[in-house]
Amino acid sequence: MSDMVLSARSGLEQLLLPGNYGIHTNKPGVVIALRTDLALASVMVRKGKIEDLRLRVHDGFGLMLPLTAQRADSGILSFTWAGPGQWLAATSGKTPVSFEAELRDLLSGLASVMNQSDGRCIIRVSGPKARDVMAKGIPIDLDPRVFGPGDTALTLAGHINVHLWQVDAAPTYEFAVFRSFAASFSEWFLAASAAFGLSVVAG
Amino acid sequence: MSAAPFPSSGHLQPHRLRGGLIDRSRPLRARFDGKEIGGFAGDTLASALLANGNRLVGRSFKYHRPRGIFTAGPEEPNALVELRGDARREPNTRATTIEMFDGLEAASQNRWPSLRFDLLSINSLFSPLFSAGFYYKTFMWPSSFWERVYEPLIRSAAGLGRAAGEADPDHYEQAYAFCDVLIIGAGPAGLAAAQSAARSGARVIVCEQDFAIGGRLLADAREIGGVPGNVWVAGVVDELRGHAHVQLMPRTSVFAIYDGHTYGALERVSDHLPEPPPHQPRQRLWRIVAKRAILAAGAIERPIVFPGNDRPGVMMASAVRSYINRFAVRPGERIALFTNNDDGWRTAKALSTSGIDVAAVIDSRPEAPPHLKSLCPGIRVITEARVSATKASPLLRQITVATRHGSESMSVDTLAISGGWNPDIGLTCHHGGRPVWNEHLAAFVSGQAPPGLAIAGAANGRMLLHDCLAEGSEGGRIAAEDTGFAGSAITHAHVDDETFAVTPFWHLGRGKAFVDFQNDVTVDDIVLSEREGFRSVEHLKRYTTLGMATDQGKLSNVNGLAIMAALTGQAIPAVGTTSYRPPHSPVAIGALAGHSRGKQFRPIRLTPSHQWALEQKAVFVETGPWLRAQYFPHAGETGWLETVAREVRTVRSSVGFCDVSTLGKIEVHGPDAGNFLNRLYINMFSTLAVGRARYGVMLREDGLVFDDGTTSRLAKDRYFMTTTTANAGPVFQHMQFCHQVLWPELDVQFVSATDEWAQYSVAGPNARHTLAKIVDAPFSVANADFPYMAVAELKVCGGVPARLYRLSFSGELAYEIGVPTRYGDALARALMQAGEVFGITPYGTEALGIMRIEKGHVAGNEIDGRTTADDIGLGRMMSAKKDFVGRVMAARPALLDPERPKLVGLRPLDADKRLYAGAHLLPVGAARIAENDQGVITSAAYSPSLNHWIGLGLLVRGAERIGHTVMMVDFMRDAFIEAEVCAPVFVDPKGERLRV
């Protein structure tokens, strides 16, 4: 029997400590918060079960799984399109294991479910210069005419694979970054945002 | 360069005129060759130099001839300077594009010891020697001279300016932009286009290479709707700035058109400042994706080729107007104008309006139109005339004008020349379009433009202001409409009259008549090129270097082609043009690199134990995108081999652990998961029991080995497969292809789990005792409860979910333990603590590699894309009961040939000798030639367990030659020793340690 205790460590906490970075300003152009509160899971539809799955999800959570690059969000639970027949499910207030088990149980026979809570770091980005920072490394059009709240994209940020979605029109975005790339991602983000001033706040 | 402070007084600018578009309230000081010059905001270095009377600014490339400022734009071939000093020194910077700033320092280049007295200008005396093809003809043989004599000689003589030779201290960045309509060039046509597109509501980006918006309207005294051109410009700029959906980007050159409506542009963010402000880049490279674009880049005035046309004081006529009207600078005191077209006359008018003494207007045409003569009353006009010679010392002081009636000399200090206008169409050729000759303009216009690009204004051959505005406006409307925005073209108010007519004038006489000023290519060089058979334009270019300078032939190409056409008796269109490729204007390598520099060269992946390994002072190595611990040195160890040997011995005698999280991990779910794996791997996975792991090998479609790894079955419909670190991405892609294209009928889902799990290999006789301290009850690690190749999901360290796999790569009793990555750092620390009593050691990739060679496990060195499963000793794994990727092609006769090299072990006969990976294997006593080659050593290592070098290799009929001796031949390292062929397992050949 083990008497040792393993303490958790986030992929970005040590890299992006709360504080201000870049130019000195009272009004940082970009604000980021690390979402360490989320449990994540990949949900992948079983063959031929898309309508059943959407019905089950709707009955169970009141959300309609999007079939295009969109996100369904109830405030505490969201399903973000991650490719044909795939979604990234996210929730706060649950442990990764219980979230995976709950989804696997509810969606049994209709979808394959895999815990992703440790594989991705989620970063929330907002502030008046959020789009300008993102333009420095993301090769897609984030203009409000083209990409708005509820839209999602699987793309690159500073040559790093990211899954991003827009939360609101402020604008606020969230990025899912593979954990092993978190250090390179934060280096790119710090460099890209330095000219506008960056504030890292607690998640 | 001197760092002395600038004196506060004494910047007389004796050549300033009244007016202009400079800001006299903001005086600026700069230094050129150490001497102070004054200027104002709105000046370029070139205009400030002229204002201060500096007319000699550089020496030419080959002949070191004195050169002055020739243009007022980015096409400048002569006034190339070194800008700034020390690490920021930028050679070959065009003075005509350098925006003045306070404290600017620049130096002339290509002169020694001084600009006025340059010793290498002696080259000019020997110029017959330096003609076209000089290098090809002179530096031919003996070939041994190439590296030692010729190349250093050429390198020391060639080139312009000096590189900084230090790391660039500035940052460059890259950015993406998207719009409906991109406007390239903000002159009259571009602004008119932007105005109508913007009013329709379309998203518009306007790029202008200059720091000031307006193009020729800043340089020519024109009127639009009764107001001066620059006032009209200011009004349009105000309007555009008022639209939130319009982005106006001055100091931004569009340099390329790529596929998918993507445009490359370079924004000079901080070039107009002494150094970039904090956190600002020097330059920003933009990729602009535009549904539609309008090229309104204007036209570039063409020089006239005549003997002595490169003297300091010879200047493009349009540049003379720019300096007078825009920069309020008098380029000379007594100026003659040499033109073959109507537009040149506008310069005469500008000169006389400014009260500058005009010696004569020399028009090559038989008649000068009366309306032009009336523009410049009282000025002497000589028609059907040409300039046949110049005198200079070193500045221009005299020209000779030849007519049918004879010639006369004229004292002038400046000669303005105008040979017509070339539409700036380089960008239109970036998708392979060829320019088309236009007789009326005597210039090339765009042939087929890239998709989505329209051309407006002077770039499209519309040489009259009224036409530029109308075409720009209509072009903006159409572009907006094409992208879904309704608008209407704006009708522009009355524009003052002008005419455009040109009669080409191509020089054919002899003498030093320059065609390409920067590369010192003269008419004689083209004549020689033609005579020696280099008549195709592409040959002409390479033989003479015509058009290969920083201006990429913007000034010289048409003249050069016209001369070749005349020499060969062809029409100009028959001669054709060379290809225009990106970049249209020079781009710093730093801007292309952007953030990807130094440690940010590319994104790297860090392992879960990275921080802990840093604390352990591990040495790291790049393995693909990952940074992995290579070994963990202890104080007092003298080298990596000592460290690694200790790590290996500790594992084999007690216990060690290694972060193996970098292996590709893929969860494969669904009712058909087992069937899917059966088809991917050569061996069977559908029969694998839940709670068990199996080693698998997969082939490429061509039957050669692709990858290997272990796959575990976690539940009836859930597998967890691993790939090699290097192939994690390619294997996942392969699986997607197989599922989506080959077998869409399979009900299988898979997703990467590489980053989800921190995974450690725990290996050695004490591995079980170590893990027993980690796992939570009631889980038992006893051999009977958890045998070799068992897999379990369990809890560790008081409730942390984990997975345990009894796998061994080292050949020892070993496990792999996985925990959610957030616990990876803590688990490394916990393993150290749990194994402390056993003397546990962390080990890195070196020890990992040595132990797998000792155990005879194949890795990337053996799975090199050329070996079959049988070649590397895995042939028996190929199932005959099922189909799998590569099965058919693996049965090709060549892959079944018994003569193929097969995996063997190798040990040196003399145990003190070293084996080298990459060395070849030949029969003992055979000549060391390729015909006798029988194989290669794929992996070699010093074995701490055996205390001598060992190797794995591929040897012809290897399996049959165990116990034989072969010769290792390594010419690279001059090593030739005898080695014994042995079985490829050096440690625990019976595999007993795995199962205890």
Side-chain angles (χ1 to χ4, degrees), chain A residues 1-11 14 22-24 36 42 44-49 82 85-86 96-97 111-120 132 134-143 145-146 158-160 178-185 187-188 191-192 194-197, chain B residues 171 173-178 203 278-281 287 289 595-596 600 602-607 610-611 626 661 667 669-672 717-718 745-758 773-777 796-798 800-801 819-827 830 833-834:
Chain A
M1 174 69 192
S2 173
D3 55 358
M4 281 176 276
V5 175
L6 301 185
S7 53
R9 182 186 176 106
S10 126
Q14 285 76 17
I23 57 157
H24 297 291
T36 53
S42 287
M44 297 164 285
V45 68
R46 294 256 162 119
K47 188 172 172 56
K49 301 286 200 243
Q86 294 186 40
V97 172
S112 294
V113 174
M114 196 209 117
N115 184 6
Q116 292 284 8
S117 307
D118 287 69
R120 323 280 173 92
D132 301 80
M134 291 162 76
K136 292 185 189 179
I138 299 178
I140 61 168
D141 192 356
L142 295 171
D143 186 272
R145 293 185 186 186
V146 177
H159 302 285
I160 295 164
F178 285 113
R179 183 179 170 123
S180 58
F181 281 112
S184 279
F185 178 84
E187 279 168 7
W188 167 73
F196 308 115
Chain B
H171 185 71
E173 69 182 23
Q174 303 190 345
Y176 297 89
F178 298 82
R203 289 162 69 196
H279 304 297
Q280 286 289 346
R287 288 176 183 81
V289 181
H595 181 68
S596 303
Q600 276 79 46
R602 62 174 181 178
I604 52 164
R605 304 180 77 172
L606 299 182
T607 64
H610 185 79
Q611 180 59 39
W626 292 93
S661 311
E667 293 245 357
H669 295 195
D672 292 330
D717 60 353
R718 282 197 293 132
E745 71 278 10
L746 293 185
D747 189 1
V748 61
Q749 297 79 40
F750 47 91
V751 65
S752 171
T754 305
D755 287 67
E756 176 69 15
W757 294 96
K773 300 187 186 180
I774 298 282
V775 303
D776 288 353
V796 300
C797 295
V800 171
V819 290
T821 309
R822 71 186 66 184
Y823 301 110
D825 178 87
L827 182 60
Q833 196 185 332

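In what follows, chains are A, B, ... by sequence order, proteins preceding strands, each numbered from 1.
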Next on the checklist: If you define the side chain from C-beta out and look only at heavy atoms, does anything of A:R46 sit under 4.5 Å from B:P671?
Outcome noted: yes

Winner by heavy-atom pair count (cut-off under 4.5 Å) against chain A, out of [options]:
options: B:P278, B:A175, B:P603; answer: B:P603
options: B:S596, B:S752, B:P801; answer: B:S752
options: B:H171, B:Q280, B:H595; answer: B:H595

Residue pair [X] / [Y]: nearest heavy atoms and the distance that separates them:
X: B:H669; Y: A:S112; value: CB-OG, 3.2 Å
X: B:H279; Y: A:G22; value: NE2-C, 3.4 Å
X: A:F181; Y: B:I604; value: CD2-O, 3.7 Å
X: A:G137; Y: B:Y176; value: C-CE1, 3.7 Å
X: A:L6; Y: B:A830; value: CD2-CB, 3.7 Å
X: B:F750; Y: A:M44; value: O-SD, 3.6 Å

Item to check | A:D118 side chain vs B:R822 backbone, donor-acceptor pair below 3.5 Å | outcome: yes

Item to check | Selection from A:A111, A:P139, A:S7, A:A183 maximising heavy-atom pairs under 4.5 Å formed with chain B | outcome: A:P139

Checklist entry - Taking every heavy-atom pair that is under 4.5 Å apart, which of A:L142, A:V45, A:I140, A:D132 has the most such pairs with chain B? => result A:I140

Next on the checklist: With a 4.5 angstrom heavy-atom cut-off, is it the side chain or the backbone of B:A834 that approaches chain A, or both, or neither?
Outcome noted: both

Item to check | Portion of B:A753 that has a non-hydrogen atom of chain A nearer than 4.5 angstrom | outcome: both

Checklist entry - By side-chain contact (heavy atoms from CB on, under 4.5 Å), which residues pair with A:D141, not counting sequence neighbours? => result A:D143, A:V146, B:F178, B:R203

Checklist entry - For A:N115, is it the side chain, the backbone, both, or neither that has a heavy atom closer than 4.5 Å to a heavy atom of chain B? => result both

Checklist entry - To the nearest 0.5 Å, how far apart are CD in B:Q749 and OG in A:S42? => result 11.5 Å

